[in-house]
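Start at 1 and go down the list; that is how both ligands and their atoms are numbered. Along the sequence shown, residues are numbered consecutively beginning with 1. Note that the structure is a prediction, hence the values are computed from the model and not measured.
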Amino acid sequence: MSDAIAAIAERLDHAAYTAMAVPQLSEPLDIAAAYAVQARSMQHRYARGERVVGIKLGFTSRAKMVQMGVDEMIWGRLTEAMLIEDGGAVSASRFIHPRVEPEIAYLLKRPLMGAVSLVEAMAAVEAVAPALEIIDSRYADFRFSLTDVVADNSSSTGFTIGPWHRPDLDAGNLGIILELDGRAVQLGSSAAILGHPARSLVAAARLTATHGHSLSAGDIVLAGAATAAVELAVGNHVRVRVQTLGNAEFSCVE
Ligand code: OOG
Ligand code: MG
């Protein structure tokens with residue numbers, strides 16, 4: 001591994017750990033190098049006792065691509081330290097400029113790797129749940145290129161999972177409401193995620209295999225936000241309501 005990759009990984013990990021923004025990368029990275037930085041930066045988290053519990057997909061909806069000005073899917077690693085209990089509270093002191101977005105979560109009962117069909121991906125699902133994700137870019141002003149954000153573990157920061165449901169519940173076209181302090185701030189449908197959020201599992205299998213990772217039984221996969229993300233501030237209570245699946249919520253405290 002090159003020294004440059006290790007140095008960028010350390011810089012981004014330090015920014016995440018201290019909640020202090022850094023400038024966008026000046027080093028030109030290709031996509032493989034960006035995933036190498038991400039993998040290397042995770043080593044710092046593992047050394048602090050964090051453990052991967054799954055992955056998140058990014059930019060699987062038009063709404064997200066347009067909001068952030070990118071047009072390719074990405075993925076990042078989720079650790080159990082990022083998990084916020086449903087109904088729980090999280091301290092804003094951990095974040096730089098957090099945003100929150102509605103997600104659909106899948107729990108896998110089988111590994112998924114490489115080229116898999118939608119039918120195979122759906123057969124690997126143990127359960128599906130409503131979820132929320134906190135994203136917090138380590139880059140100043142939340143501005144990044146595709147490779148910058150990949151290197152930064154795709155802005156992964158926090159997530160909350162609501163009640164799990166049996167996988168025969170079709171999550172293909174469910175209404176989604178994101179609420180901030182009881183006020184609806186984003187409306188969408190799970191169909192905005194690649195036409196069906198289970199397609200994110202197909203993408204996840206392919207993209208992780210391309211970049212040196214694989215999905216195991218027991219992994220959580222966040223399918224990607226169906227709507228644009230909204231700013232999260234101290235005092236906010238956030239709730240996502242997903243038709244049929246129910247709610248997930250948390251509060252942001254000082
Ligand atoms: C990157 C993460 C994107 C999603 O659901 O599309 C993402 C970002 O927007 O900072 O999590
Ligand atoms: Mg997301």
Can you list the atoms of ligand 1 that are under 4.0 Å from a heavy atom of Met68?
9 (O)

Among all protein heavy atoms, pick the one closest to atom 9 (O) of ligand 1 and tell me residue, atom and distance.
Lys64 NZ, 2.9 Å

Give the atoms of ligand 1, by number and element, whose distance to some non-hydrogen atom of Ile135 is under 4.0 Å.
8 (C), 9 (O), 10 (O), 11 (O)

Taking all heavy atoms of Ile161 and all of Ala129, pick out the closest pair and write down the distance.
CG2-CB, 3.7 Å

Below 4.0 angstrom, N of the basic side chain to O of the carboxylate: do Arg11 and Glu27 qualify?
yes

Distance filter under 4.0 Å to Phe142 heavy atoms, resulting ligand 1 atoms
10 (O)

Determine the interplanar angle of the Phe144 and Phe59 rings, folded into 0 to 90°, and report it as parallel if under 30°, tilted if 30 to 60°, perpendicular if over 60°.
tilted

At the 4.0 Å heavy-atom cut-off, does Leu57 count as touching ligand 1?
yes

Taking the Mg ion (ligand 2) as the reference point, name the nearest N/O/S atom of Glu101.
OE2

To which protein heavy atom is atom 6 (O) of ligand 1 closest, and what is the distance rounded to 0.1 Å?
Phe59 N, 2.8 Å

Heavy-atom contacts with Gly58 under 4.0 Å: which atoms of ligand 1 show up? List them by number with element.
3 (C), 4 (C), 6 (O), 7 (C)

One should read off an interatomic distance between Leu112 CG and Arg110 CZ, to the nearest 0.5 angstrom, of 9.0 Å

Are the aromatic ring centres of His213 and Trp75 under 6.0 angstrom apart?
yes

Angle subtended at the Mg ion (ligand 2) by Glu103 OE2 and Glu133 OE1, rounded to 10 degrees
90°

Residue pair Asn153 / Met82: nearest heavy atoms and the distance that separates them:
ND2-CE, 3.8 Å

Hey, does Ala225 come in under 3.5 Å of ligand 1, counting only N/O atoms on both sides?
yes

Selected option - heavy-atom contact closest to atom 1 (C) of ligand 1, from Gly224, Ser155, Ala226:
Ser155

At a 4.0 Å cut-off, with the gap strictly under it, does some heavy atom of Glu103 reach an atom of ligand 1?
yes

Return yes or no for this condition: an N or O of Phe144 is under 3.5 Å from an N or O of ligand 1.
no

Answer yes or no: is there an ion pair linking Arg239 with Glu179, defined by an N-O contact shorter than 4.0 Å?
yes

What do we get for Gln67 next to ligand 1 when only non-hydrogen atoms under 4.0 Å count, side chain, backbone, both or neither?
neither

Val185 side chain near Ile177 side chain, heavy-atom distance below 4.5 Å:
no

Quick one: does NZ or CZ of Arg48 land under 6.0 Å from the six-membered ring centre of Tyr17, within 45 degrees of the ring axis?
yes

Any donor-acceptor pair under 3.5 Å linking the side chain of Ser154 with the backbone of Val150?
no

Distance to 0.1 Å, residue and atom name: give those for the protein heavy atom nearest to atom 2 (C) of ligand 1.
Ser154 O, 3.4 Å

Can you pull out the closest protein heavy atom to atom 7 (C) of ligand 1? Residue, atom name and distance to 0.1 Å, please.
Glu101 OE2, 3.2 Å

